[in-house]
Amino acid sequence: MTVGSFTSISLDPPLVGFFVDSGSTTLKQVMTSGVFTVNFLDDRSEALSHTFSGGPANRFAGIPLVSAPPGAPRLAGASGWLDCVLETRVQIGDHDLVVGRVVQVDVPAVPRSPLIFLGGAHRSLGAHTPPDSPPGSSLDAVDSPAE
Ligand SMILES: Cc1cc2nc3c(=O)[nH]c(=O)nc-3n(C[C@H](O)[C@H](O)[C@H](O)COP(=O)(O)O)c2cc1C
């Protein structure tokens with residue numbers, strides 16, 4: 001699933017987490033398997049964001065994966081991966097906090113511009129934005145407003 005609530009939590013031990021709707025199909029799969037993989041999306045990966053925020057049926061159909069530890073769904077179009085083992089889950093209102101222990105990291109030495117979701121649109125930070133640009137101008141829209 002597409003997640004905007006991802007956050008790092010702890011360095012020692014290495015823990016990350018995200019907030020997920022309690023009715024999520026991905027949450028059920030994480031609870032059953034005990035593992036999940038974080039795929040980082042950059043500003044070339046907007047299509048993946050749409051695919052994984054749509055319905056869960058056949059979500060992985062036609063999506064290239066790269067070789068990874070057993071159970072880790074690493075998307076070839078992602079720009080980095082964290083393979084995690086479920087550490088804990090905390091129910092908070094109508095969402096759950098899922099916490100994972102990072103067991104493997106693969107990220108590029110030089111990160112690409114991240115994919116941003118703001119004001120109903122996917123955006124890029126832009127590589128060459130002048131530092132004195134007016135507020136908001138550094139977020140270049142890369143699609144039409146959606147979701
Ligand atoms: C940019 C973006 C960020 C999102 N972030 C979250 C999130 O943090 N938590 C969440 O529960 N859903 C989030 N969603 C919505 C889910 O991706 C969407 O509801 C998805 O279909 C859920 O899949 P599931 O049925 O496997 O749970 C986000 C959607 C978008 C487009």
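One-based numbering, in listed order, for ligands and for the atoms of each.
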Classify the contact between [X] and ligand 1 as side chain, backbone, both or neither, using a heavy-atom distance cut-off of under 4.0 Å.
| X | answer |
| --- | --- |
| F19 | backbone |
| F52 | backbone |
| R59 | side chain |

Looking at [X], which atoms of ligand 1 are within less than 4.0 Å of one of its heavy atoms?
| X | result |
| --- | --- |
| D21 | 11 (O) |
| G54 | 21 (O) |
| F117 | 1 (C) |
| S24 | 24 (P), 27 (O) |
| T26 | 24 (P), 26 (O), 27 (O) |
| S5 | 7 (C), 8 (O) |

Geometry only, no angles: is V20 polar-contacting ligand 1 at N/O separations under 3.5 Å?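 No, V20 has no N/O under 3.5 Å of an N/O on ligand 1.
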Taking atom types as modelled and ignoring hydrogens, do the side chains of H95 and S22 form a donor-acceptor contact shorter than 3.5 angstrom?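 Side chains of H95 and S22: no pair found under 3.5 Å.
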Looking at [X] and [Y], would you say the former's side chain and the latter's main chain have a donor-acceptor pair under 3.5 Å?
| X | Y | answer |
| --- | --- | --- |
| S24 | V20 | no |
| S113 | D43 | no |
| D42 | R44 | yes |

Return all side-chain donor-acceptor pairs below 3.5 angstrom for residues 60-86, not counting sequence neighbours, or 'none' if the list is empty.
residue	atom	partner	partner atom	Å
R74	NE	D83	OD1	3.4
R74	NE	D83	OD2	3.1
R74	NH1	D106	OD2	2.9
R74	NH2	D83	OD2	2.5
R74	NH2	D106	OD2	3.0
S79	OG	F40	O	3.4
W81	NE1	N39	OD1	3.1
W81	NE1	L75	O	3.0
D83	OD1	T37	OG1	2.9

Check whether any side-chain heavy atom of F18 sits under 4.5 Å from a side-chain heavy atom of T7, and report yes or no.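 Heavy-atom side-chain distance check fails, nothing below 4.5 Å.
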Output all residues satisfying salt bridge (Lys or Arg N to Asp or Glu O under 4.0 Å) with R59, sequence neighbours left out; order by chain, then residue number.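 R59: no salt bridge (Lys or Arg N to Asp or Glu O under 4.0 Å) contacts found.
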